Amino acid sequence: MSIHAQPSGPTPAAADEPLVSIVIPAYNNADYLDETMKSVLGQTYTNLEVIVSDHASTDATWTVMQRYRSDPRVILLHTEGGGGALRNWNRVSQAATGELIKLVCGDDLLYPTIVAAQVAALVAEPGAVLAASPRDIVDANGAPVIKNRGLAGLTGVHDGTVAVRKSIMAGTNIFGEPGCVLMRRTALEQTGWWDSRWPYLIDQASYSRVLLEGKFVGVPGSLAGFRISDSQWSVRLVAEQAEQAMGFHNWMHETRPDVVSNTDRLIGNTRARVMAQARRLAYVWLGRRMSKAVKADAAASS
């Protein structure tokens, strides 16, 4: 089922710029989706279509989505329940018609210039298939916890294989969450869409397959906000993170030993264990900042 308020398409002022599809696979994001939508629709880059699909949420996600049904840039969809994140991520991505695509989870934030900066980077380098930028890690109420995180110094234009190898050796996703990344839609399609064989690495594994097809551009400056909340699905996978990362590293070495050597794999696996433990400790340290209820509690006590 879909609700398409009006035909979407380029605005007259941006008709000579590539259409960008921002796709949002929403699931039980009622507490945060409105903020996410405002950040998406507030971009300085105007040639956008925004596709949002509710994956059988049990909260008021669909109701929040209705606030945007009259915006001509917005398409609202339903995704059938089941199938995990992969079903909804593919649903919104396959519905996209833009030359470039950015997936934004339903609780994350885009800063106003991210699309413009990343489009410019990809247009300037026709051989590039993916651009990424650092982000701020924010708590449930949007307050920064860590600023300007990501890329591991990999700015500018690089061969995609260099970027893949660097991320594996880091033992973590240096490209960031999907909102940090802008890809060529054809490259994502040609690699078989999103890859969820390692659920926690659905983004990194998919980026890596895309990057084997072309160049990478690292766009400096923190341009997005990744929200840490108790409803965020990656938090619930924390105990499996290291094993999934090592599984992906091993697969990459087996299939592309020219890109990831055995030494690279072993270094990445060791660092993946360390990073998983660091995340566990970080989530414990953040405690109540991962719940939006803190904001309500603060207001009630003031």
Side-chain angles (χ1 to χ4, degrees), residues 1-80 85 87-120 122-123 133 135 138 141-142 177-185 188 223-227 229 231 292:
M1 174 183 175
S2 67
I3 296 178
H4 190 171
Q6 299 178 33
S8 65
T11 61
D16 60 340
E17 297 177 325
L19 176 64
V20 174
S21 298
I22 299 182
V23 300
I24 304 174
Y27 175 68
N28 285 347
N29 295 132
D31 287 344
Y32 306 105
L33 184 59
D34 192 52
E35 295 173 62
T36 299
M37 289 295 294
K38 287 174 180 175
S39 77
V40 166
L41 295 170
Q43 290 298 301
T44 60
Y45 190 90
T46 57
N47 195 11
L48 300 175
E49 68 172 5
V50 180
I51 301 172
V52 193
S53 191
D54 175 29
H55 193 182
S57 295
T58 56
D59 66 0
T61 293
W62 180 252
T63 301
V64 174
M65 289 166 59
Q66 302 315 300
R67 300 171 190 172
Y68 298 93
R69 65 183 300 171
S70 63
D71 191 309
R73 298 167 291 180
V74 176
I75 301 167
L76 303 181
L77 305 174
H78 274 301
T79 298
E80 182 182 355
R87 173 172 287 176
N88 209 18
W89 286 37
N90 280 340
R91 165 73 158 146
V92 289
S93 299
Q94 291 167 8
T97 63
E99 177 182 341
L100 304 173
I101 185 169
K102 177 184 289 290
L103 186 146
V104 180
C105 294
D107 54 358
D108 290 338
L109 301 169
L110 299 185
Y111 298 168
T113 61
I114 186 170
V115 174
Q118 292 181 341
V119 168
L122 290 176
V123 168
S133 301
R135 77 289 199 201
V138 303
N141 298 310
E177 295 71 35
C180 304
V181 168
L182 185 69
M183 291 183 282
R184 296 195 187 277
R185 184 188 181 279
L188 181 62
L223 295 175
F226 170 63
R227 193 187 303 271
S229 72
S231 65
K292 199 156 189 175

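Bear in mind the structure is a predicted one, so any value in this text is a computation, not a measurement.
Between Arg227 and Leu109, the closest side-chain pair of non-hydrogen atoms falls below 4.5 Å. In this structure, Leu182 and Val20 have side chains that are in contact, with non-hydrogen atoms separated by less than 4.5 Å. Looking at heavy atoms from C-beta onward, Glu17 lies out of side-chain contact with Val119 at the 4.5 angstrom threshold. Looking at heavy atoms from C-beta onward, Trp89 lies in side-chain contact with Cys105 at the 4.5 angstrom threshold. Put simply, the side chain of Lys102 reaches to within 4.5 Å of the side chain of Leu110, judged on heavy atoms. Side-chain atoms of Tyr68 and Leu41, non-hydrogen and from C-beta on, do get closer than 4.5 Å to each other. You'll find the side chain of Ile24 stays beyond 4.5 Å of the side chain of Ile51, heavy atoms only. Inter-residue side-chain proximity for Met37 and Val50 is flagged as met; some heavy-atom pair is nearer than 4.5 Å.
Side-chain atoms of Ser21 do not come within 3.5 Å of backbone N or O of Ala96 as any donor-acceptor pair. Under the 3.5 Å distance criterion, the side-chain polar atoms of Asp108 are left unmatched by any main-chain donor or acceptor of Ala224. Judged purely by atom type and a 3.5 angstrom limit, His55 uses its side chain to pair as donor or acceptor with the backbone of Glu80. The backbone N or O of Asn29 sits nowhere less than 3.5 Å from a side-chain atom of Asp31 that would complete a donor-acceptor pair. Under a 3.5 Å cut-off, the side chain of Glu49 and the backbone N or O of Thr97 do form a donor-acceptor pair. With hydrogens and angles disregarded, a donor-acceptor distance shorter than 3.5 Å links the side chain of Gln43 to the backbone of Val115.
Residues satisfying the side-chain hydrogen bond (donor to acceptor under 3.5 Å, both in side chains) criterion with Ser39, sequence neighbours excluded, are absent altogether. Every residue meeting the salt bridge (charged side-chain N to carboxylate O under 4.0 Å, His left out) condition with Arg185, not counting sequence neighbours, appears here in chain and number order: Glu189. For Ala30, the side-chain contact (heavy atoms from CB on, under 4.5 Å) partners two or more places apart in sequence, or in a different chain, are Asp59, Ala60, Thr61, Val64.
Taking CD1 of Ile22 as the reference point, atom OG1 of Thr36 lies at 11.5 Å (rounded to 0.5 Å). Atom-to-atom distance recorded for Met65:CE and Asp34:CG is 12.5 Å, nearest 0.5 angstrom. With rounding to the nearest 0.5 angstrom, the CZ atom of Arg184 is 13.5 Å from the CD1 atom of Ile101. In this structure, Leu103 CG and Met183 CE are separated by 7.5 Å, a value rounded to the nearest 0.5 Å. The structure places CG of Leu76 at 9.0 Å from OG of Ser53, a figure rounded to the nearest 0.5 Å. Note that CG of Asp54 and OG1 of Thr63 are 9.0 Å apart. Values are rounded to the nearest 0.5 Å.
Minimum heavy-atom separation, Ala26 to Leu33: CB-CD2, 4.4 Å. Heavy atoms only, all atoms of each residue included: Leu100 and Pro18 are closest at CD1-CG, 4.2 Å. The minimum heavy-atom distance linking Gly42 with Pro112 is given by the pair O-CB, 4.0 Å.
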Show the numbers, then the answer: is there a side-chain contact (heavy atoms from CB on, under 4.5 Å) between Arg135 and Tyr111? CA-CA 9 Å; Arg135 77 289 199 201; Tyr111 298 168; over 6 Å; no
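There is no side-chain donor-acceptor pair under 3.5 Å between Asn90 and Ser93. For the residue pair Thr113 and Thr44, no side-chain donor N or O sits within less than 3.5 Å of a side-chain acceptor on the partner.
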